[in-house]
Number of protein chains: 2
Amino acid sequence: MQDWNPALYLRFANERTRPAAELLARVPLVGQPARSLHVVDLGCGPGNSTELLVERFAGAQVLGIDNSEAMLEAARRLLPQARFTSGDIATWAPEAGRCAPDLIYANASIQWVGGHEQLIPRLLSLLAPGGVLAIQMPDNHQEPSHRLMREVAQLPQFVSHMGDAGKVRADILPIGAYYDLLAAPQRDAASVDVWHTIYQHPMDSAAAIVQWLRGTGLKPFVEGLPAELQAEFLAAYERRVDAAYPARADGKRLLAFPRLFLVAQRKP
Amino acid sequence: MQDWNPALYLRFANERTRPAAELLARVPLVGQPARSLHVVDLGCGPGNSTELLVERFAGAQVLGIDNSEAMLEAARRLLPQARFTSGDIATWAPEAGRCAPDLIYANASIQWVGGHEQLIPRLLSLLAPGGVLAIQMPDNHQEPSHRLMREVAQLPQFVSHMGDAGKVRADILPIGAYYDLLAAPQRDAASVDVWHTIYQHPMDSAAAIVQWLRGTGLKPFVEGLPAELQAEFLAAYERRVDAAYPARADGKRLLAFPRLFLVAQRKP
């Protein structure tokens, strides 16, 4: 493994990009000239993770895949040197005639896609020999932040609007199950490394925690509601967050945020 | 307790050095010329963590502190460019006339020292302005690996020999308590970052897990026993480990190993 590059690392000390950098730091692609590599950022969003890939693998052919046109446009503006195309994580494969990827990198994306038992082996099978599959996903379904969303969704005034809001995100498997999917002998993996990091983000207030989650986990809950109920939902949720995340010695709230990391390399 | 065995400890160097490197990667000392820095490795062991410090901070004055002469000798052989002196983590302070350290780095050492409520603020107070305290410690007291040691120690044939074996290692506080110790306004910290990483080490067998733990957590249990009971203790422990860590798809056992990380920087 390459050692960490502190200067690069600290440039992305920001809460959401830190896991992306920590995932990349564990990708054991060394020795190859970077310009010969084919790298895929699966679920690239606005390109902030893709930027890490472009910096680490100078001159590589980097392809970003996302199903949001808004995200793809932002990514293209950020990184004109990379290619960005629309696609679905669940079914993506290299276009006919294109090289098999040396790295499939999926940062905070496959939790929106179901069927990990099929998806993970499929992604591994798409790699070139010696290629690496690197995945990070939030594993916070059992944290107070997420339990309390589901609790509020069950209140009588909201429950009839909720539909499948609690099920938009796929179930995360136990970490040993991911290891099994990657390390089973028929997968031909040379190495498999799985771990959790539980970050503790100091947040200014309960409202700041709610704000953070509005961009991701809360989205399907709030979007299911008529406009006039959204504020009520958020207020009920914020009261519970306030109680579940007490103020620390400096007045901040520590938001525990477990993330699951998977890195597997195919045999050369 | 008997002195440490550097060879046994280093048999798992890769697994043990990864957390040391990940801790160092989060130390936000950038911009200063490294040669002007004073760096202390508190509980340096055989010098494998010190080596990371020497590499990252070229030309810095690096001092390793340990209370094991065997470890200090191994460290001196490994790194003639650093200074190694005998000392106790609980009471260590820079010698009179020496500079306050810019970095106090304690990798897998303070779990052997009690009184973290006093120790942590004391270490922070020893730093130069802008200095960094960086700590990593195993937090596996509630893992099956460690629960089962205590369970076996309670068996009738062992219990009378055990004394305080279960208490050699200090209690680890909840992570929020460490945050409070570091972030309380009177500490004058500019930033505090705390997190857990739960590594999953693929081990060849239950026996390999026992072997790994003989170098650290099992030491006080086994050493308390007369020679003729040690093998019996280890066999009883290994049977329980075998049941608690089932074989994965590739036949390996995944040893979950939670580690707690603390990084705080003083105001400049």
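Letters go in sequence order (proteins before strands), and every chain restarts at 1.
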Just do the side-chain contact (heavy atoms from CB on, under 4.5 Å) check on B:L24 and B:L53 with the steps written out, would you?
CA-CA 8 Å; B:L24 184 55; B:L53 297 170; 3.8 Å; yes
Any donor-acceptor pair under 3.5 Å from B:D102 side chain to B:H38 backbone
yes
Give a yes or no on whether the backbone of A:Q136 and the side-chain of A:N107 come within a donor-acceptor separation of less than 3.5 Å.
no
Nearest 0.5 Å please: distance from the CG atom of B:D41 over to the OG atom of B:S109.
7.5 Å
Do A:F57 and A:L29 come close enough that some side-chain heavy atom pair is under 4.5 Å?
yes
Rounded distance [0.5 Å steps], CG in B:L79 versus CD in B:E51
5.5 Å
What residues form a side chain to side chain contact (heavy atoms under 4.5 Å, CB included) with A:L119, not counting sequence neighbours?
A:I89, A:I110, A:V113, A:H116, A:L123
Looking only at heavy atoms, which of residues 183-192 of chain A get nearer than 4.5 Å to chain B?
A:A183, A:A184, A:P185, A:V192
Using a 3.5 Å distance criterion without hydrogens, assess whether the side chain of A:T17 forms a donor-acceptor pair with backbone atoms of A:A20.
no
Within residues 173-182 of chain B, residues adjacent to chain A where the heavy-atom gap is under 4.5 Å
B:I175, B:G176, B:A177, B:Y179, B:D180
With a 4.5 Å heavy-atom cut-off, do B:W212 and B:H201 have their side chains touching?
yes
Cation-pi between B:R259 and B:W195: NZ/CZ under 6.0 Å from ring centre and within 45° of the ring axis?
no
For A:R122, does the CZ atom sit with more than 12 other heavy atoms under 6.0 Å from it, leaving out its own atoms?
yes
For residues 238-252 of chain A against chain B, heavy atoms under 4.5 Å, the residues are A:R248, A:A249, A:D250, A:K252
Does a side-chain N-to-carboxylate-O contact under 4.0 Å join B:E143 and B:R147?
no
What do the steps show when you test A:R18 against A:E22 for salt bridge (Lys or Arg N to Asp or Glu O under 4.0 Å), and what is the final call?
CA-CA 6 Å; A:R18 176 175 171 188; A:E22 293 185 349; 2.9 Å; yes
